[in-house]
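The shown structure was predicted, so the numbers you read here are calculated from the model rather than taken from an experiment.
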Amino acid sequence: MQLSEQEIVRRENLQKIKDLGFNPFPAEAFEVDFHSSEITTEQYQATLSQTLEQIKGIGPEQAVKLMDALFKSRGKSAPLLADEAFTKEVPITETVTFANGVARSPMPLDDFFAEARELALGAYAKDKKGTVQIAGRFMGQRGPFAKLQDSYGTIQLYIGKNDIGDTEEEKERYKKLVKLLDIGDFIGVRGEVFATGTGEVSIHARELIFLGKSLRPLPIVKRDKEGNVYDAFTDPEQRYRQRYVDLTVNPQIRNIFLKRSRLISAMRRFFDRQGWLEVETPVLQPIHGGAAARPFRTHHNTLDMPLYLRIANELYLKRLIVGGFEGVYEIGKMFRNEGMDRTHNPEFTSMEIYVAYKDYYWMMEMVEQCIEYVTKEVTGGTQVEYEGKMINFAGPYKRLTMFEAIEQYTSIDISEMDEAALRAVCKKLHIEVDESMGKGKLIDEIFGEKVEANLIQPTYIIDYPIEMTPLAKKHRTQEGLVERFELFVNGKEIANAYSELNDPIDQRARFEDQLRLAERGDEEAMALDDDFLRALEYGMPPTSGLGIGIDRLAMLLSNQHSIQEVLFFPQMRPKAELHEHHENSE
RNA sequence: GAGCCCGUAGCUCAGCUGGCUAGAGCACUUGACUUUUAAUCAAGGGGUCCUGGGUUCGAGCCCCAGCGGGCUCACCA
């Protein structure tokens, strides 16, 4: 393996650290009792400002002004006292007359400020008995000031020349160690929290423990006070292939995954509170049922039989309803052997839930409550900005039937049309169709082409044609329709639900219709699952079922525009480079 | 699967109409400075210009093929 110059230097530093008698990869745990975010400079300055008000009874505006001025002059009061304009604006209680003729407090501003500062930091220091222990990556040093990055952010360290070590010998040893630190090394620091003359909350290092060497240089991303970023690490390919680097140097990326995690846990909490059971069903399935999609195929050696990675878990969850559970749900990966783009990854996360004795009207209300709850838990509110549009997730959501929606956006009433008439409509609207498409698929094409993109605010589209929905119950009043809804947000489907079909005779007939579609060349037509039919024959209660695309919802709630941004490790083409390295090293 | 664009130092990027030994900032090394707030000063090192062919006296640049990526479209959630 070819090492770059910087990698060679780091390996040399590793050796030098060993030579100094430090273990660069120690086994011992390091107790962390403080995180960078526990006190930020902003929090400190706000507390300090309040403290200034309290101890001397000056107004909030003066307190802020005094603070700013003192930070700017590095905490030295002399230049401020000479500045008449400033001293006039910041009144201080007991007055005396200075040489310049202006009446001022007898207390030097330095002391006044120092007192307030001590009080402001006291709250944090007290908990920790004066010192804290913090660990993270060393992220560079300028003079005695170093940056330490932990999982919550960064904090400044002050590493004085002779502050670490008890004896002269030890001090020498630590001085050398500090010089050998590379950006990215893990260190632990024990020291007290203080604020520098410029007001930055820092830790005065009194002990340093080396915790882990970094042998590869990280990309250096710099940020100034206004938040401008220099030399950003932005190439999507590198960010996805080396997500660990992305997460290290672009800490804002963490927030996306934090939101994703909160989304899933909030949804789980919502369901668990209703008493519904979280379950797991097979990923490896002999028949890939429950959805229209092309599967991944694999092979089991012992059984010597083909198996498919699941494209859906619907038929298994319904078997559990047959088995007597009242509500079951599963959050898990589905696998579809189809195209990849910014909204499709070969494996994706779906949530499916089935609740007995309910129908799709009930489900619409449940979904509204669930999504509203989840949105609040993730973002703190119900309004979410996405691609510059405000989306309001507070229920109830608008409901439109499929036919109403098409009529609204095309002015064509297709509710009474047969297949031939629908083909004519498609032609008129310049929608491409082919011979394999049945009536349901044609309607779906018109909807997808003319309606979908317009559905920005959460909207239920209800009552689908029977042909495109083989697992849903026939509509209670409308001939040729099923009781199904999909939830659209920002022009994309994020949820799909039915009053589930529980009539085994009807279900068998629907599967047979699917087989006929398959014969016409529809590659995605559903396969017939005899065991599932047998389960239905034993009897399934009326049930409503729902599926939600978790990745899509995560995109909406974190304002991301590609699925790759909400997956830690999106699927990528293999890259030759790494293999070559292995070959060269052998 | 189709179209357009891209691939140059560890990172971000220049590189003219094909023409000297391929550049800058950060990062790295050495020295000075214990200081601040992306960036102190000075000096230095670092390159398979994605790969393979071709055209040419000469290719980072032009042509062909391939690999990888991004965006848009089509299918799917």
Side-chain angles (χ1 to χ4, degrees), chain A residues 2-10 12-13 41 71-72 74 139-147 154 156-163 175 178-179 182-184 196-200 202 214-242 245 249-250 291-295 311-312 334-352 432 434 441 444-445 448-449 486-488 492-496 522-524 547-553 555 561-564 572-577 580:
Chain A
Q2 197 64 44
L3 292 178
S4 73
E5 185 198 1
Q6 294 188 43
E7 287 169 331
I8 292 165
V9 167
R10 283 173 181 238
E12 286 167 2
N13 288 347
T41 297
F71 286 149
K72 269 184 204 133
R74 310 262 180 279
M139 292 303 270
Q141 186 169 11
R142 206 169 118 54
F145 296 102
K147 290 272 181 234
T154 60
Q156 179 167 269
L157 304 177
Y158 179 89
I159 306 176
K161 238 178 184 169
N162 293 305
D163 288 349
K175 240 194 293 190
V178 169
K179 283 211 160 183
D182 286 313
I183 289 175
T196 63
T198 54
E200 177 156 346
S202 310
S214 163
L215 291 178
R216 258 177 210 266
L218 288 162
I220 305 296
V221 179
K222 303 212 165 184
R223 289 172 184 80
D224 64 19
K225 263 193 182 139
E226 285 76 45
N228 299 314
V229 176
Y230 303 84
D231 300 322
F233 179 71
T234 54
D235 179 14
E237 179 182 3
Q238 289 196 71
R239 289 183 43 236
Y240 303 153
R241 284 191 194 278
Q242 302 188 176
V245 174
V249 304
N250 296 325
R294 295 210 299 274
I311 57 173
M334 304 297 151
F335 306 84
R336 298 193 183 173
N337 206 342
E338 290 168 345
M340 286 165 59
D341 60 27
R342 73 168 205 291
T343 53
H344 297 86
N345 195 62
E347 55 182 294
F348 62 100
T349 302
S350 119
M351 191 296 302
E352 289 210 25
E432 273 186 46
D434 64 58
K441 195 99 183 171
D444 196 31
E445 289 292 317
E449 192 70 27
E486 290 189 317
L487 176 62
F488 286 85
K492 306 259 160 50
E493 181 211 325
I494 64 160
N496 181 20
D522 187 344
E523 281 186 60
E524 293 162 352
I548 291 181
I550 295 294
D551 310 285
R552 296 272 172 89
L553 190 55
M555 286 165 66
H561 310 114
S562 79
I563 197 169
Q564 286 78 20
M572 304 286 281
R573 275 202 170 75
K575 197 144 188 171
E577 193 190 329
E580 281 170 20

Separation between the P atoms of B:C16 and B:A74, rounded to whole Å: 37 Å
Touch class at under 4.0 angstrom, heavy-atom based, for A:Ser350 against every strand present: nothing
A:Gln564 (side chain) donor-acceptor with A:Asp341 (main chain) under 3.5 angstrom: yes
Euclidean distance, atom CE of residue A:Met340 to atom C1' of B:G70 [Å, nearest integer]: 13 Å
Partner residues of A:Asp444 under the side chain to side chain donor-acceptor pair (under 3.5 Å) criterion, sequence neighbours left out: none
Sugar-phosphate only, base, or nothing, as touched by A:Glu493 at under 4.0 Å among non-hydrogen atoms: sugar-phosphate
Toward the 5' end of RNA chain B, by each residue's nearest nucleotide, A:Glu449 or A:Gly199: A:Gly199
Contact under 4.0 Å: A:Arg142 side-chain N or O vs B:U40 OP1/OP2: yes
Rounded interatomic separation in angstrom, taking OH from A:Tyr240 and C1' from B:C71: 12 Å
Test item: A:Arg336 and A:Phe348 side chains (from C-beta on) under 4.5 Å apart, heavy atoms: yes
Side chain to side chain, A:Gln156 and A:Thr196, heavy atoms closer than 4.5 Å: yes
Whole-angstrom distance between B:A59 and B:U29, as gauged at atom C1': 34 Å
Gap in Å between the two C1' atoms, one belonging to B:U21 and one to B:G25, rounded: 22 Å
Base B:C75 to side chain A:Asp341, donor-acceptor N/O within 3.5 Å cut-off: yes
Any-strand Watson-Crick or G-U partner of B:U48, both distances under 3.5 Å: none
A:Asn13 or A:Thr196, whichever maps to the more 5' nucleotide of RNA chain B: A:Asn13
Opposite nucleotide pairing with B:C73, Watson-Crick or G-U, both atom distances under 3.5 Å: B:G1
Nearest-angstrom distance, C1' atom, B:U17 to B:C62: 12 Å
P gap between B:A9 and B:U37, integer Å: 32 Å
Rounded distance in Å - CE (A:Met572) to C1' (B:G69): 7 Å
Using atom names, set out every protein N or O paired with an N or O of nucleotides 22-27 of chain B below 3.5 Å, distance rounded to 0.1 Å.
| from | atom 1 | to | atom 2 | distance (Å) |
| --- | --- | --- | --- | --- |
| B:G25 | N2 | A:Asp231 | OD1 | 2.9 |
| B:C26 | O3' | A:Lys222 | NZ | 3.3 |
| B:A27 | OP1 | A:Lys222 | NZ | 3.1 |
| B:A27 | O2' | A:Gln6 | OE1 | 3.3 |
| B:A27 | N3 | A:Gln6 | NE2 | 2.9 |

Side-chain touch A:Met334/A:Glu347, heavy atoms, less than 4.5 angstrom: no
Nearest-neighbour nucleotide for the A:Phe348 side chain, B:U29, B:G69, B:A77 considered: B:A77
Rounded distance in Å between the C1' positions of B:A22 and B:C13: 14 Å
P spacing across the pair B:C57 / B:U51, given as an integer number of angstrom: 24 Å
Atom P, compared across B:G15 and B:U55: separation rounded to whole Å: 29 Å
Touch class at under 4.0 angstrom, heavy-atom based, for A:Pro219 against every strand present: sugar-phosphate
Spacing between A:Arg241 atom CZ and B:G70 atom C1', to the nearest angstrom: 13 Å
Nucleotide nearest A:Glu5 (side chain, heavy atoms from C-beta), chosen from B:U29, B:G45, B:A77: B:G45
Candidate nucleotides B:U36, B:U34, B:U29, ranked by approach to the side chain of A:Tyr158 - the nearest: B:U34
Sugar-phosphate only, base, or nothing, as touched by A:Asn345 at under 4.0 Å among non-hydrogen atoms: base
Any residue meeting side chain to side chain donor-acceptor pair (under 3.5 Å) with A:Arg239, in chain and number order, not counting sequence neighbours: A:Asp246, A:Glu565
A:Gln238 side-chain N/O to B:G69 phosphate OP1/OP2 under 4.0 Å: no
Rounded distance in Å - CZ (A:Arg216) to P (B:C11): 11 Å
Heavy-atom check, side chain of A:Ile563 versus side chain of A:Met555, under 4.5 Å: yes
d(CZ, A:Phe233; C1', B:A38) in whole Å: 18 Å
Exam field: side chain A:Arg10 to backbone A:Asp182, donor-acceptor pair closer than 3.5 Å: no
Among B:U37, B:G69, B:A77, the one nearest A:Thr198 by side-chain distance: B:U37
Atom-to-atom span, CG of A:Leu215 to P of B:G10 - whole angstrom: 17 Å
Side-chain N or O of A:Arg342 closer than 4.0 Å to phosphate OP1/OP2 of B:U72: yes
Nearest-neighbour nucleotide for the A:Phe145 side chain, B:U34, B:U36, B:G69 considered: B:U36
Identity of whatever pairs with B:U40 - Watson-Crick or G-U, under 3.5 angstrom: B:A32
Flag side-chain contact, heavy atom, 4.5 Å: A:Asn496 against A:Glu486: yes
Any side-chain heavy-atom pair of A:Gln141 and A:Ile159 under 4.5 Å: yes
G-U wobble or Watson-Crick pairing nucleotide for B:A14 (cut-off 3.5 Å, both distances): none
Side chain of A:Glu237 (C-beta onward), nearest among B:U34, B:G69, B:C11: B:G69
d(CD1, A:Ile8; C1', B:G46) in whole Å: 10 Å
